[in-house]
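Letters A, B, ... are given to chains in the order of the sequence lines, protein chains preceding strands, and every chain is numbered from 1.
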Amino acid sequence: MQLDEERLRKALRKPAAYGADLDLDEFRLEPGGRVEISEDVAGAGVEVGVDFGKKDRLTTFFQVDHEVLYRAVQRQFQGAVELLTIDEALEKHDWAREYFWRLKSPYEDKYTALNALHGKGGYFLRILEGKKVHVPIQTCFLTYSRDLIQNVHNVIIAEPGSEAYIITGCTAHKEAAKGLHIGVTEIYVKESAKLNYTMIHKWGPGFHVRPRTGILIEENAELTYNYVALGSVGSFQSQPSARITGRGGTFSANNIVYLDGSSDMDLGGEAWIEAEGGRAELITNAVVAGRAKLVNRGRVVSEADETRGHISCRGLMLSDEAEVSAIPCLTSRKMKAELTHEAAIGKISEEQLFYLMSRGISREEAESLIVRGFLDTSSMKLPDHLEKSVKKIVDLAIKGF
Amino acid sequence: MLKIENLHVEVGDKLLLKGVDLEIGEGEIHALFGPNASGKSSLVMSIIGHPNYRVVEGKIIFKGVDVTEKPTYERVRMGLGVVFQNPPKIQGVKLGELIKRISKSKERWVEVLRLLDRLNIDSGLLERHINSGFSGGEVKRCEIAQVLAMDPDLVILDEPDSGVDVENLELIGRELSESLRGKSALIITHHGYILRYLKPTKAHVMFKGSIICDGDPKVIFDRIMSDGYRWCERCSLMRRD
């Protein structure tokens with residue numbers, strides 16, 4: 001796609017439809033000087049589920065600021081997985097260009113425009129036709145330099161009949177007390193492919209995050225899209241948007257959120273079901289503490305028969321100063337479409353607490369069990385060992401609860 | 001084991017228990033009968049220490065200790081176990097996780113596994129979230145499994161036989177008749193089905209917030225079955241000795 005630079009420059013002034021508006025001039029496009037990366041960056045990766053340890057026999061991509069620090073496809077998966085930097089992909093495959101800015105408009109807002117004009121890094125990941133990779137592919141984006149805009153563009157293509165798990169961790173090093181992460185991600189799940197994509201985000205109170213995600217799901221393809229956000233974030237806004245264009249395509253989004261501090265999060269999700277038999281499910285389970293504020297938007301639009309869509313938002317309030325809003329929206333253009341939503345926001349149930357205490361568990365322990373249970377990872381459809389590790393990360397993040 | 005003296009309990013500003021006296025000795029199994037809303041479940045909630053059930057007068061003494069003001073979990077850790085009639089669902093907390101947590105010690109784990117096996121609680125059920133989508137029989141079996149896993153000295157069963165089909169009743173009945181041996185227990189039952197398996201030594205009838213009669217379980221139960229609680233109302237005029 002040919003980009004119109006003039007239009008992009010205009011779009012740089014366009015705020016996003018939702019969420020706090022950021023002044024991009026407060027951030028830097030370049031780190032400024034040479035960055036000496038400290039040895040503890042690997043530890044930061046582990047906190048968001050990316051393991052560089054000796055057990056690491058996985059396909060891995062690791063970017064710090066703008067630099068791709070490490071990229072390797074485990075030998076046994078060569079020929080099944082192709083993992084390239086964006087520049088490599090564009091150089092290697094004539095057709096690669098077609099996959100950029102197809103599912104997301106670069107003119108959408110200032111963040112997409114900034115990405116189109118000044119994007120640096122990101123990966124091009126392809127699971128080759130018919131290949132089933134059950135060892136997770138892991139990617140990690142770490143921001144290290146203060147005030148920097150990490151500005152990446154990722155393309156994921158699950159080719160027909162392929163299967164894979166991707167776990168991607170995004171975090172800011174403690175050095176980067178303030179910063180902005182823009183991540184444009186385009187995910188193509190082709191005919192009968194099955195992809196499980198899990199993101200784990202952990203930022204900091206001075207960090208701002210604007211992921212921009214477009215998804216295409218073809219015939220009988222399935223995408224499980226898991227998003228886990230833990231702790232504090234300055235501001236976050238995202239509205240991943242999926243189009244189901246093939247019969248029987250399935251999109252299942254699970255958000256697991258634990259927000260504290262003064263976090264301001266606007267977390268949405270959209271599914272456009274354009275083909276018969278398509279299914280979409282947008283599920284959010286959020287625990288909100290401190291003075292954190294969460295807006296959860298869900299939208300399902302059905303434009304074909306025999307389709308089903310469901311939106312669920314459950315919010316658990318741990319503080320009177322927190323705020324949770326659930327804004328579900330269902331649009332049906334067919335009689336034979338079945339769309340439903342449910343939302344419930346409340347505090348920890350006294351009845352549940354009492355029940356656990358009647359089993360000899362103290363009040364504090366019972367509260368912790370309920371909060372952990374609320375952030376249930378079982379709907380993420382992860383293999384056991386991965387689910388365990390995600391659960392552990394969640395448990396660590398809500399320690400003290 | 002348990003001694004309740006002149007217990008008066010309020011929920012909100014409503015007095016639900018109006019001077020209950022009850023004593024259960026070590027190794028004794030008692031039955032508690034009474035019409036709907038007579039205060040049976042309120043008594044159970046008061047014994048376990050539900051925060052909404054406020055004791056305004058009287059005492060609950062468990063194993064010689066006054067537990068009237070003690071929090072629920074302390075009473076439970078002292079050896080009290082309650083099988084609830086309508087336990088809540090807890091999304092995200094797996095049954096197996098809870099049972100593992102509350103089983104008294106690691107050494108007991110083998111015993112707990114045997115217990116789960118006898119109660120026909122398979123790994124699929126252990127993986128499910130507590131009471132979420134469970135059938136009536138599953139709820140009761142899991143309640144009983146949790147309580148027995150804690151190995152309590154006094155077990156209170158609030159209608160263990162309600163909403164349970166014949167097969168489940170037999171399973172539960174047989175398990176309880178074995179596992180309650182040597183323990184103290186208080187069984188609340190409406191229909192008395194569970195009494196085919198458990199033989200209480202004493203029965204009490206609760207009426208309008210107090211216990212109005214004690215006696216032989218079979219005699220009392222047969223009378224209730226033939227004449228209903230109207231008989232108790234007339235009988236209560238005679239007062240309890």
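B/Arg77 has its side chain within reach of A/Ser362: a pair of non-hydrogen atoms, C-beta onward, lies under 4.5 Å apart. Counting only heavy atoms from C-beta outward, the side chains of A/Arg372 and B/Val93 never approach each other to under 4.5 Å. Considering only heavy atoms from C-beta on, B/Thr72 stays 4.5 Å or farther from A/Arg363 through its side chain. Counting only heavy atoms from C-beta outward, the side chains of B/Ile48 and A/Phe354 approach each other to under 4.5 Å. Counting only heavy atoms from C-beta outward, the side chains of A/Ile361 and B/Leu98 approach each other to under 4.5 Å. Proximity of B/Gln146 to A/Tyr355: side-chain heavy atoms (C-beta onward) are separated by under 4.5 Å at one or more points.
Contacts of B/Glu74 with chain A are absent, with no heavy-atom separation under 4.5 Å from either backbone or side chain. Of the two parts of B/Val82, only the backbone, made up of N, CA, C and O, holds a non-hydrogen atom closer than 4.5 Å to a non-hydrogen atom of chain A. Using a 4.5 Å cut-off between heavy atoms, A/Arg314 contacts chain B through its side chain alone, with no backbone atom that close. With a threshold of 4.5 angstrom between heavy atoms, A/Ser378 approaches chain B through side-chain atoms but not through N, CA, C or O.
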- Test salt bridge (Lys or Arg N to Asp or Glu O under 4.0 Å) on A/Arg359 and B/Glu143 and set out the steps. CA-CA 10 Å; A/Arg359 301 298 184 236; B/Glu143 276 293 293; 2.7 Å; yes

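Here CG of A/Leu356 is found 4.0 Å from CD1 of B/Ile90. Values are rounded to the nearest 0.5 Å.
Here the side chain of A/Gln352 pairs a donor or acceptor atom with the backbone of B/Lys89 at under 3.5 angstrom.
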